[in-house]
Amino acid sequence: MLHRLLSGDLPRSHALTVALVVVLVSLAFAPFLFPGSQSLNVAAKICVFIVLAASYDLLLGYTGIVSFAHTMFYGIGGYGVAVAMHGIGATWGAMGVGVALALLLSLILAVVIGLFSLRVRAIFFAMITLAVASAFAVLASQLRDITGGEDGRSYSVPAMLRPSFRLIEDQVLGVSITGRILTYYLVFFASLGLFLLALRIVNSPFGRVLQAIRENEFRAEALGYRVVVYRTVASVLSATMATLAGVLMALWLRYTGPDTTLSFAIMIDILLMVVIGGMGTLYGAVLGAAIFILAQNYLQVVMGKLSAATDGIPLLPQLLHPDRWLLWLGILFVLSVYFFPTGIVGRLRAQRR
Amino acid sequence: MDAPALETRDLTIRFGGHVAVDKVSCSFRSGSLTAIVGPNGAGKTTYFNLISGQLKASAGTVLLKGEDVTGLPVSARTHRGMGRAFQLTNLFPNLTVAENVRLAVQSRARVGLDLVSLWSDRRALIEKAEAMLARVRLADRRDAAVASLSHGDQRKLEVALMLALEPDIFMFDEPTAGMSVDEVPTILELIQEIKARANATILLVEHKMDVVRSLADRIIVLHNGQLVADGLPAEVIASAVVQEAYLGVAAA
Ligand SMILES: Nc1ncnc2c1ncn2[C@@H]1O[C@H](COP(=O)(O)OP(=O)(O)OP(=O)(O)O)[C@@H](O)[C@H]1O
Ligand SMILES: [Mg+2]
């Protein structure tokens, strides 16, 4: 049963199993284990970024495609919800319309980019995706009447998902079951489902063909696999998942703007999550996303404490000042990529042998 | 009269000013084994690349069972029955031996676009891949990563991938090159086996004259991209043009 749920792709390392169980349990019970809106926000972000990183790994790690348009698809999902909720109203129907249109747009763009440019060399493909993504970001900020421009759009969500909503009068384990918590579980279960779906895809006959294309596209074609078709299908699947991740984030934040969806900084974050976790293994996306988001949110806090603790010692408090957190984040990543070139998962799996 | 299994008409490719294959017209009867010989750089591999589609012809046509396939991509030609074992080993290095063969079996069964079933659930495909590995005597290396195989084993796997496609046309490009002496018979027996089956059309590029003599029904000679001789093995080997164009170089 578990074997089928994980599509036969078991962690194959004790340490990795433990790490994955810790992440799963923490996220599954986050509202009860870590009450408070900030920690719930972090947990929701981790869920969404696991999907986002996993869908990116489908391209980067499994198929060997370098694309910079992933945040564009993520943004399309976010704006789909935002525009529909803002324009039509805070109903499930409006959300359905927004999601459907967003998926359609992503599908069309992914197919067009795929067919036009997957035939060219990898570096040109990367450049084309970068150009398309930049154009889309410019368009999104200029079509102010539709997207809200640089300010983005705030909107209400269906009543059930609002903070004031109460599912039951009583508290559960000392926590009131508000619309926020329902939204969290919507995000959590949708992310879990999408992740398991991605796991199934990479372990299907199709998934192996993607790996074959990554390894030797020339031979894959000679074996009878039309490489451009497989790459395009992979791009479409990846884009679809990113779009749905954007939908989830839009529901969670009740706001969509260029900075939360389309920014190039997010693209870099996703890339780092995949590389740190381990390319070509979806479990890497889980660990990469969890570690990255935690570091992004708590490194400053930890550094503030360290800085205070080292007060009086020369230089150290300055180095550990919370304002330097980006520097330390950078150092951590350089070190991790240097010491674990196959990512955390690659490292953990190698240890077992 | 039936169309030949494979035919090329005035097949030509130019690289800049250099004509690597020059108006080669030749047809290959179903059930025959044709050896293609010629000195290094004669255009043998390039001729194969034109037939299976890795290179686009500058002029001329390739006909498969009478049908023009010159405009088709490589994958489409494969599905119409062309099989190729490459001169330079050309595999999926970080996948296992079994996975490599399995990918070929799966292509033949046309289930590559199956996204929902489990790769490990397709018993029939797995068993077929296993049988193929046994045929080339690689069964004991099934779980090894291809990158870790010896050169000889990689050559065998190269052949196994072609067999797994169950093609009508088998193109071997120096299948025994670089193999140790005791590994060569395995490959030769395999070629014999394929030849014994009805309707297998085999094209074999091979430098070793004893191998050519024992296997081939016919020899064609390429020299500077041109087809310079075509006939029964004994005749062609004895002819002046081969002595000069091919054996002369080989002896040097
Ligand atoms: N892609 C290419 N671009 C330019 N020149 C090429 C290309 N492919 C082959 N050639 C040239 O075409 C000629 C024929 O090469 P080919 O590999 O077909 O020879 P061959 O008969 O297979 O030789 P060998 O016995 O060494 O394998 C050579 O001069 C080679 O340099
Ligand atoms: Mg050659």
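Chain letters run A, B, ... following the sequence lines, proteins first and then strands; every chain starts at 1. Owing to the predicted nature of the structure, the values given are computational and were not obtained by experimental measurement. Every heavy atom of this structure was used, including side-chain atoms; hydrogens, water molecules and symmetry mates were not.
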**OP:** Please name the pair of heavy atoms, one in Gln106(B) and one in Val209(A), separated by the smallest distance, quoted to 0.1 Å.
**Re:** NE2-CG2, 3.2 Å

Original post:
Among Met162(B), Arg102(B), Glu158(B), Arg108(B), who wins on heavy-atom pairs under 4.5 Å with chain A?
Top reply: Glu158(B)

Original post:
Any idea which heavy atoms bring Gly224(A) and His79(B) closest together, and the distance?
Top reply: O-NE2, 2.7 Å

Original post:
With side chains defined as the heavy atoms from C-beta onward, is the minimum distance between Leu103(B) and Leu223(A) less than 4.5 Å?
Top reply: yes

Original post:
Which heavy-atom pair separates Ser75(B) from Arg226(A) by the least distance, and what is that distance?
Top reply: OG-CD, 3.2 Å

Original post:
Does Met249(A) CE have over 12 foreign heavy atoms under 6.0 Å away?
Top reply: yes

Subject >> Contacts of residues 113-123 of chain B with chain A (heavy atom under 4.5 Å) >> reply: Leu113(B), Asp114(B), Leu115(B), Val116(B), Ser117(B), Leu118(B), Trp119(B), Asp121(B), Arg122(B)

**OP:** Give a yes or no on whether the backbone of Leu91(B) and the side-chain of Arg219(A) come within a donor-acceptor separation of less than 3.5 Å.
**Re:** no

Original post:
Is it the backbone or the side chain of Leu197(A) that comes under 4.5 Å from a heavy atom of chain B, or both, or neither?
Top reply: neither

Original post:
Using a cut-off of under 4.5 Å for heavy-atom pairs, which of Arg84(B), Gln54(B), Met82(B) has the most such pairs with chain A?
Top reply: Gln54(B)

**OP:** Taking all heavy atoms of Asn216(A) and all of Phe92(B), pick out the closest pair and write down the distance.
**Re:** O-CE2, 3.4 Å

Original post:
Can you tell me if CZ on Phe15(B) sees more than 12 non-hydrogen neighbours from other groups inside 6.0 Å?
Top reply: yes

**OP:** Tell me, for Leu95(B) versus chain A, whether the close heavy atoms (under 4.5 Å) come from the side chain, the backbone, both or neither.
**Re:** both

Subject >> Test ring pair (Phe, Tyr, Trp, His ring centres under 6.0 Å) applied to Tyr225(A) - qualifying residues, sequence neighbours left out >> reply: Tyr230(A)

